[in-house]
Amino acid sequence: MNKNSLIFVTGHKGLVGSAIIRRLKFFGYKNLLTISKHKLDLRVQSKVELFFKKYKPKIVINAAAKVGGIVANNKFKAEFIYNNIMIQNNIINSCYLNKVKHLIFLGSSCVYPKKSSQPIKEEYLLKGELEKTNEPYAIAKISGIKMCESYNYQYNTNYKCLMPCNTYGPNDNYNLTTSHFYPALIRKVHEAKLKNKNKIILWGNGKAKREIIYVDDVADACIFFMKKKTKETLINIGSNTEKTISQYANFIINKLKLKIKIEYDKSKPNGTPRKILNSSVAARYGWKSKISLDEGFSKTYESFKKIINE
Ligand SMILES: NC(=O)c1ccc[n+]([C@@H]2O[C@H](COP(=O)([O-])OP(=O)(O)OC[C@H]3O[C@@H](n4cnc5c(N)ncnc54)[C@H](OP(=O)(O)O)[C@@H]3O)[C@@H](O)[C@H]2O)c1
């Protein structure tokens with residue numbers, strides 16, 4: 001593989017896909033292939049197969065998916081399972097049919113059981129019940145992992161499935177119905193500031209613990225592992241930055257130098273009580289996250305203000 005190898009990045013307009021493109025360019029990769037959803041709906045097998053036949057990419061990083069936070073996952077269960085299974089089946093099988101050597105398939109930490117021991121090791125997959133609110137999404141992603149494992153086993157490929165923890169950064173989704181918890185917190189605190197409110201209301205009791213990672217670290221992990229031969233198919237990508245939702249809210253409130261109260265809507269679900277990844281497999285290969293919570297927040301908040309045209 002060299003810097004001119006053709007790399008197909010799916011989902012290039014999304015949070016993770018756009019960071020992968022940004023970081024590939026930064027590292028000098030010149031031959032990047034992208035296509036918008038309107039020109040190629042990755043759920044349509046015949047079109048995906050034709051696209052692969054025509055372009056013959058050498059490397060594929062699949063960052064296209066139907067993604068969302070607890071509200072969206074709970075509400076659009078059918079879309080989460082259907083879209084994700086269709087997209088990944090088409091990508092993984094087209095990679096095999098077209099002899100793509102390097103494929104990165106992205107999943108997330110919600111593939112692991114709700115009551116996993118913590119920090120979560122890769123081997124805990126399928127060892128218990130999933131969190132109900134995102135079960136269809138998790139089942140889809142688990143089938144993607146099992147598909148990559150089966151192809152590696154039967155066809156001797158080296159497809160890798162990276163499981164990042166909660167990811168944030170420029171180009172995130174700040175729609176309160178569909179966003180993840182951290183961009184939602186940024187938006188709620190920012191709006192409280194603009195409207196001079198003295199409180200924000202958060203879902204659940206604020207005690208659920210989450211690990212978050214800045215998106216460029218995830219993109220760098222994709223680039224790092226696309227070139228690596230690994231024994232493992234499934235690899236966790238965590239930052240070891242862990243706080244409760246309430247601590248993240250206070251962190252943002254302090255960053256914006258505000259004095260506001262947090263109220264909790266305890267009628268709403270908390271989600272999984274704790275989700276922190278054991279990323280020692282990734283560390284053994286030489287990868288670790290680099291960007292601190294402070295640096296990640298500053299970069300993210302700057303881009304958020306541009307998005308909302310402040
Ligand atoms: N965000 C997180 O916290 C997080 C954490 C861990 C892992 N991940 C993983 O990272 C990957 C990307 O997530 P993300 O947060 O970047 O999501 P995102 O911002 O919603 O981006 C998803 C991308 O997929 C594209 N897409 C969706 N359906 C498509 C279809 N049918 N055909 C073609 N393209 C389609 C979207 O295109 P449009 O822009 O045109 O809609 C968008 O560009 C996912 O596999 C997710 O599991 C994300």
Side-chain angles (χ1 to χ4, degrees), residues 8-23 33-45 47-48 51 60-70 72-73 76 79-92 94 103-112 120 134 136-145 148 160-175 177-186 210-219 221-222 234-239 241 248 271 275-277 279 289 296 300 303 307:
F8 178 29
V9 179
T10 68
H12 68 288
K13 291 186 184 160
L15 168 68
V16 178
S18 60
I20 292 168
I21 295 286
R22 186 166 66 241
R23 297 299 289 168
L33 179 64
T34 58
I35 184 159
S36 78
K37 187 165 77 181
H38 307 291
K39 290 201 178 133
L40 179 65
D41 183 338
L42 294 168
R43 293 172 305 178
V44 184
Q45 184 180 14
K47 291 192 175 167
V48 175
F51 185 84
V60 175
I61 304 180
N62 184 36
K66 169 109 186 130
V67 177
I70 191 168
N73 264 281
F76 306 114
E79 285 173 50
F80 272 86
I81 193 157
Y82 176 76
N83 291 15
N84 284 309
I85 285 183
M86 295 304 281
I87 292 170
Q88 70 206 31
N89 278 358
N90 292 336
I91 295 290
I92 298 166
S94 290
L103 163 68
I104 296 285
F105 170 70
L106 280 159
S108 92
S109 54
C110 62
V111 297
Y112 293 109
I120 307 169
N134 59 32
Y137 177 71
I139 295 272
K141 290 291 184 185
I142 292 168
S143 68
I145 296 166
C148 289
K160 275 145 286 193
C161 305
L162 302 188
M163 299 299 120
C165 58
N166 274 274
T167 306
Y168 72 98
N171 222 5
D172 211 339
N173 167 15
Y174 295 94
N175 176 320
T177 317
T178 53
S179 68
H180 288 104
F181 89 90
Y182 193 65
L185 284 181
I186 293 177
R210 292 291 178 268
E211 182 187 21
I212 68 173
I213 187 167
Y214 186 65
V215 71
D216 284 20
D217 274 334
V218 175
C222 293
L234 178 60
I235 300 173
N236 289 340
I237 301 296
S239 64
T241 299
Y248 283 118
K275 265 202 291 189
I276 180 160
L277 294 172
S279 302
S289 74
T300 304
S303 88
I307 290 175

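As a basis for the values below, the full set of heavy atoms in this structure was taken, side chains included, without hydrogen atoms, waters or symmetry mates. Note that ligands are numbered from 1 as they come in the structure, with each ligand's atoms numbered from 1 the same way.
Looking at atom 23 (C) of ligand 1, its nearest protein heavy atom turns out to be G11 CA, 3.6 Å. Closest to atom 12 (C) of ligand 1 among all protein heavy atoms lies A63 O, 3.2 Å. Closest protein heavy atom to atom 10 (O) of ligand 1: V16 CG2, 3.6 Å. Nearest protein heavy-atom contact of atom 39 (O) of ligand 1 is K13 CB, 3.9 Å. At the top of the distance list for atom 19 (O) of ligand 1, counting protein heavy atoms only, stands L15 N, 2.8 Å. Of the protein's heavy atoms, A65 O, 3.4 Å lies nearest to atom 27 (C) of ligand 1. Counting only heavy atoms of the protein, atom 41 (O) of ligand 1 lies nearest to K37 NZ, 2.9 Å. Looking only at protein heavy atoms, the nearest one to atom 1 (N) of ligand 1 is H180 CE1, 3.4 Å.
Residue contact annotation: D41 has a non-hydrogen atom under 4.0 Å from ligand 1. By the 4.0 Å heavy-atom criterion, K141 is counted among the residues contacting ligand 1. Assignment of F105 to the shell around ligand 1 is not supported, since no heavy atom sits closer than 4.0 Å. For N83, the heavy-atom gap to ligand 1 stays at 4.0 angstrom or more. At least one heavy atom of C165 lies less than 4.0 angstrom from ligand 1. Residue-ligand proximity: L40 is placed with a non-hydrogen atom under 4.0 Å from ligand 1.
By the criterion of a heavy-atom distance under 4.0 Å, the side chain of V67, and not its backbone, is placed next to ligand 1. Contacts between K66 and ligand 1, counted as non-hydrogen atom pairs separated by less than 4.0 Å, are absent for every part of the residue. If you look at F181 next to ligand 1, there are no close heavy atoms at all, none under 4.0 Å.
Close N/O approach between L42 and ligand 1 is found [any backbone or side-chain N/O within under 3.5 Å]. Among the atoms of P164, none of the N or O lies under 3.5 angstrom from an N or O of ligand 1. Considering backbone and side-chain atoms together, H38 places no N or O closer than 3.5 Å to any N or O of ligand 1. Considering both main-chain and side-chain atoms, H12 never comes within under 3.5 Å of ligand 1 through any nitrogen or oxygen pair. Ligand 1 has an N or O atom lying under 3.5 Å from an N or O atom of G14, backbone or side chain.
Those atoms of ligand 1 with a heavy atom of G107 less than 4.0 angstrom away are 6 (C), 7 (C), 8 (N), 9 (C), 47 (O). Every atom of ligand 1 is numbered from 1 in the order shown, and the set under 4.0 Å from a heavy atom of I87 is 28 (N), 29 (C), 30 (C), 31 (N). Using a 4.0 Å cut-off to heavy atoms of Y137, the atoms of ligand 1 that qualify are 46 (C), 47 (O).
Salt-bridge annotation for R22 and D216: present, with a side-chain N of the basic residue lying under 4.0 Å from a carboxylate O of the acidic one.
Atom 33 (C) of ligand 1 is approached by the protein to below 4.0 angstrom, counting heavy atoms only.
Between N173 and T178, the side chains place a donor N or O and an acceptor N or O closer than 3.5 Å (distance only, hydrogens not considered). There is a side-chain donor-acceptor pair under 3.5 Å between S18 and N171.
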Name each donor-acceptor pair under 3.5 Å that joins a side chain in residues 8-15 to protein atoms two or more places apart or in another chain, with its distance.
| unit_1 | atom_1 | unit_2 | atom_2 | d |
| --- | --- | --- | --- | --- |
| T10 | OG1 | N62 | OD1 | 2.5 |
| T10 | OG1 | A63 | N | 2.9 |
| T10 | OG1 | A64 | N | 3.1 |

Kindly determine whether Y174 and S179 satisfy side-chain contact (heavy atoms from CB on, under 4.5 Å), including the steps that lead there. CA-CA 6 Å; Y174 295 94; S179 68; 5.7 Å; no

Just do the side-chain contact (heavy atoms from CB on, under 4.5 Å) check on L277 and I237 with the steps written out, would you? CA-CA 7 Å; L277 294 172; I237 301 296; 5.7 Å; no

Hey, mind stepping through I307 and D172 against side-chain contact (heavy atoms from CB on, under 4.5 Å) and telling me if it holds? CA-CA 10 Å; I307 290 175; D172 211 339; over 6 Å; no

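Contact annotation: the side chain of Y137 approaches that of N84 to within less than 4.5 Å [non-hydrogen atoms, C-beta and beyond]. Using a 4.5 Å cut-off on side-chain heavy atoms (C-beta onward), Q88 and S143 make contact. Counting heavy atoms from C-beta outward, F51 and L33 have side chains that approach closer than 4.5 Å. In this structure, the side chains of T241 and I213 stay at 4.5 Å or more apart for every pair of heavy atoms. Between R43 and Y82 there is a side-chain heavy-atom pair separated by less than 4.5 Å.
Atom 5 (C) of ligand 1 has its nearest heavy-atom neighbour, among T167, T34, V9, I91, in T167.
Using the six-membered ring where Trp is involved, Y248 and Y182 have ring planes that are perpendicular, over 60° apart on the 30 and 60° scheme.
Geometric assessment of K275 against the ring of Y112 yields a negative cation-pi assignment under the 6.0 Å and 45° thresholds.
In this structure, the side chain of S94 does not engage the main chain of I91 through any donor-acceptor pair within 3.5 Å.
Remark: R210 engages no residue in a salt bridge (charged side-chain N to carboxylate O under 4.0 Å, His left out) (not counting sequence neighbours).
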